[in-house]
Amino acid sequence: MAIDSARGAGQNRAMSLLARTSIVSAATLSSRVLGFVRDAATAAVLGTGASADALVAALALPLLARRLLSEGAFNLAFIPALAQAEGEGEGAPRRLARATLALLFGTLLAFALLAALFMPLVIRLMAPGFEPGGPRADVAVLCGRVAVLYLPFAGLAAIYGGVANGAYRVLLPALAPVAANLTVLAVIAVLLLRGLMESDTAALAIAAATVAAGISQLCLMMAAARGCPAAPGPLPGASAGGWPWRKALAVVRAAAPALLFAGLSQFRLIIIAAAVSASPGAVAALNYAQRLMDLPLGLVGASAGAVLVPALLRKSALSGAASDAPEASGRAMLAALAFALPAATGLAVLAEPIVVTLFQRGSFDGEDARLTGALLAVLAVSLPAQGLERILSATASTCGRVKTAERVALGSLAVCLLAAFGLGVVAGPRAAVAAAALSAFVSVLVLGGLLVRAGALAFSRAMLLSTLGLVAASLLMGGCVAVLAALWPVPEGQMAAAMRLAGLVGSGGVVYGAAALLLKALLPRLVPQP
């Protein structure tokens with residue numbers, strides 16, 4: 001009877017975990033769809049002109065803060081610290097949350113004010129190709145001084161969101177990005193109605209909308225955390241027991257590796273944007289291309305940060321049970337490849353039709369679509385490696401090799417920096433974008449090799465054969481879609497073009513699924529046992 005009860009409780013916990021994961025995944029998907037709408041609307045207003053380049057450079061720091069703080073990475077350090085504080089007496093989690101909030105908010109506010117003061121230098125570093133005193137540089141400085149105010153609000157939202165996620169409240173935090181996108185879309189709708197196309201005023205309004213979006217996120221996070229034992233509450237005055245500043249500082253320090261791993265793709269984007277900034281329109285086009293990459297990269301990261309990581313960390317802390325990390329990590333990598341390989345192939349083969357369908361309207365013309373599509377096709381090559389990086393980083397964190405993973409990540413950014421500027425000088429923006437794939441594959445090979453050598457990562461024969469089958473199925477899918485696209489002329493009208501794109505994507509999905517199942521059955525027979 002006791003065994004049956006324990007089994008039932010385990011099943012209930014598993015179903016609860018599945019339900020929370022489903023909620024976060026659905027909300028994240030909704031946010032990504034709205035993000036596409038937001039980016040398409042921004043492209044319609046600004047295109048890839050000087051104002052668009054300036055706005056993208058100005059939003060580099062806010063977008064980086066959003067990637068680091070608003071997608072669950074901070075939870076990796078904050079939630080375990082709250083769980084540990086629960087055993088230190090009544091009110092300890094609240095005091096820790098208050099101190100961490102004050103520390104993070106104060107640091108980000110000071111950084112934002114300094115960045116606003118020295119924004120000309122910041123833009124010079126972010127976009128060295130912008131001519132000093134030119135229209136792109138001046139607008140970027142003005143927009144940057146407004147947009148950088150997003151940072152302290154992002155810090156506040158991260159604390160309240162972590163408190164809510166630690167109490168297994170996931171719905172409102174998952175909907176916060178949806179609210180942020182709706183806020184920006186409301187401002188863009190006003191710009192479109194007033195006909196403020198390709199103007200500096202429109203760029204400044206979108207920068208201000210980014211700050212308003214941060215405030216809307218914070219409001220939802222505060223509502224989600226309301227009533228939680230660790231909710232920070234009003235800050236004025238010291239609570240009983242004082243302010244545990246050392247523990248708060250330890251939380252921020254412990255979060256640094258997770259923030260680095262979560263921000264790798266954004267760091268690469270900043271580096272490559274700087275390398276291509278001398279080419280008019282390239283910064284904006286790169287930004288639109290990266291937005292299309294964010295959906296496959298963001299779904300798993302957001303769900304893991306908000307639901308899976310808190311649950312698994314709490315279970316580990318309570319039970320102390322060892323995990324089958326080597327085999328589990330290998331299976332996780334295989335699952336990531338099953339999604340990333342066809343996604344990357346589809347984005348590369350159908351880059352221009354995708355960009356035309358999603359973005360080509362208003363100020364975003366055919367030339368803008370061709371440039372963005374070309375950059376997307378190159379950037380898509382990095383998708384499988386960037387997906388695997390997230391699995392390997394998590395594996396390194398769980399097996400106590402965080403420092404190793406940090407060094408590899410920093411090394412990959414150095415490779416990206418050298419390759420982006422070197423290739424950009426020699427062959428232009430398209431070659432510079434290839435630095436993302438080069439650095440990501442170097443990171444995967446080096447970190448993966450170190451983890452295998454340390455016994456933290458293992459691959460069975462079945463996994464290797466399955467990987468081979470996924471690669472073959474993706475290549476077959478890409479070839480079939482490319483042939484079909486060549487035989488199917490591009491029709492007139494946006495609706496007809498969208499139907500053609502949907503048909504190509506659907507055909508690719510059918511080919512990939514059928515080929516993957518067939519190869520899964522055939523490869524074990526074709527490859528003899530060792």
Side-chain angles (χ1 to χ4, degrees), residues 27 29-60 62-63 66 70 135-136 138-150 153 175-220 280-281 283-292 294-295 354-369 371-372 492-499 501:
L29 180 59
S30 300
S31 172
R32 298 301 179 184
V33 171
L34 282 175
F36 285 148
V37 176
R38 178 203 64 209
D39 294 330
T42 302
V45 173
L46 298 178
T48 60
S51 297
D53 275 350
L55 178 63
V56 171
L59 293 180
L63 288 176
R66 185 178 70 184
S70 300
R136 291 197 296 175
D138 288 344
V139 176
V141 169
L142 180 60
C143 292
R145 282 176 167 156
V146 174
V148 78
L149 297 176
Y150 169 87
F153 294 111
L175 290 176
V178 175
N181 285 326
L182 289 174
T183 302
V184 177
L185 279 171
V187 173
I188 293 176
V190 174
L191 296 174
L192 289 171
L193 289 173
R194 294 190 175 183
L196 296 173
M197 313 290 281
E198 295 189 87
S199 66
D200 298 345
T201 301
L204 182 60
I206 295 174
T210 302
V211 181
I215 296 173
S216 68
Q217 282 185 297
L218 173 59
C219 290
L220 273 184
V283 174
L286 175 64
N287 176 69
Y288 298 137
Q290 179 62 40
R291 299 285 75 78
L292 292 169
D294 281 344
L295 176 60
I354 290 173
V355 171
V356 168
T357 301
L358 293 178
F359 294 126
Q360 189 171 323
R361 57 186 56 85
S363 299
F364 195 95
D365 57 23
E367 184 177 349
D368 297 336
L371 174 59
T372 304
E492 296 291 336
Q494 290 187 347
M495 183 59 68
M499 293 297 293
L501 177 61

| Heavy-atom pair of closest approach, residues Pro62 and Ala147 | CG-O, 3.3 Å
| Taking side chain as C-beta onward, heavy atoms only, is Ile188 less than 4.5 Å from Thr42? | yes
| message | Is there a side-chain contact between Arg291 and Asn287 in this structure, where contact means two heavy atoms from C-beta onward sitting under 4.5 Å apart? | response | yes
| Contact summary for Ser199 and Leu46, nearest pair of heavy atoms | O-CD2, 3.9 Å
| field | N/O donor-acceptor pair under 3.5 Å between Gln494 side chain and Gln360 backbone | value | yes
| message | Could you check whether any side-chain N or O of Asp368 sits under 3.5 Å from a backbone N or O of Asp365, counting only pairs where one atom can act as donor and the other as acceptor? | response | yes
| task | Compare all side-chain heavy atoms of Phe36 with those of Leu292 and state whether any distance is below 4.5 angstrom. | result | yes
| field | Closest heavy-atom pair and its distance - Phe359, Ala43 | value | CD2-CB, 4.0 Å
| said: Tell me whether Thr372 contacts the main-chain N or O of Ala289 through its side chain, where contact means a donor paired with an acceptor under 3.5 Å. | reply: no
| said: Nearest 0.5 Å, please: how far is CG in Leu286 from OG1 in Thr48? | reply: 12.0 Å
| Smallest separation among heavy atoms of Arg136 and Ala54, with atom names | O-CB, 3.4 Å
| field | For Gln217 against Ala176, the heavy-atom pair lying closest together | value | CG-O, 3.4 Å
Which atom pairs, one a donor and one an acceptor, fall under 3.5 Å between side chains of residues 200-213 and the rest of the protein, sequence neighbours left out?
{"unit_1": "Asp200", "atom_1": "OD1", "unit_2": "Ser51", "atom_2": "OG", "d": "2.9"}
{"unit_1": "Thr210", "atom_1": "OG1", "unit_2": "Ile206", "atom_2": "O", "d": "3.0"}

| task | Evaluate whether atom CZ of Arg361 has more than 12 neighbouring non-hydrogen atoms of other residues, nucleotides or ligands under 6.0 angstrom away. | result | yes
| message | Ring-plane angle category for Tyr288 and Phe364, please: parallel below 30°, perpendicular beyond 60°, tilted otherwise. | response | perpendicular
| Shortest non-hydrogen contact from Ala58 toward Ala140 | CB-O, 3.5 Å
| request: Output all residues satisfying ring-ring contact (aromatic ring centres under 6.0 Å, His included) with Phe153, sequence neighbours left out; order by chain, then residue number. | output: none
| query | Going from OG1 on Thr357 to CE on Met495, what distance comes out if it is rounded to the nearest 0.5 angstrom? | reply | 10.5 Å
| Heavy atoms, side chains only, cut-off 4.5 Å: are Met197 and Leu192 in contact? | yes
| request: First locate atom CG of Leu175, then atom CG of Asn181, and finally report the distance between them rounded to the nearest 0.5 Å. | output: 11.5 Å
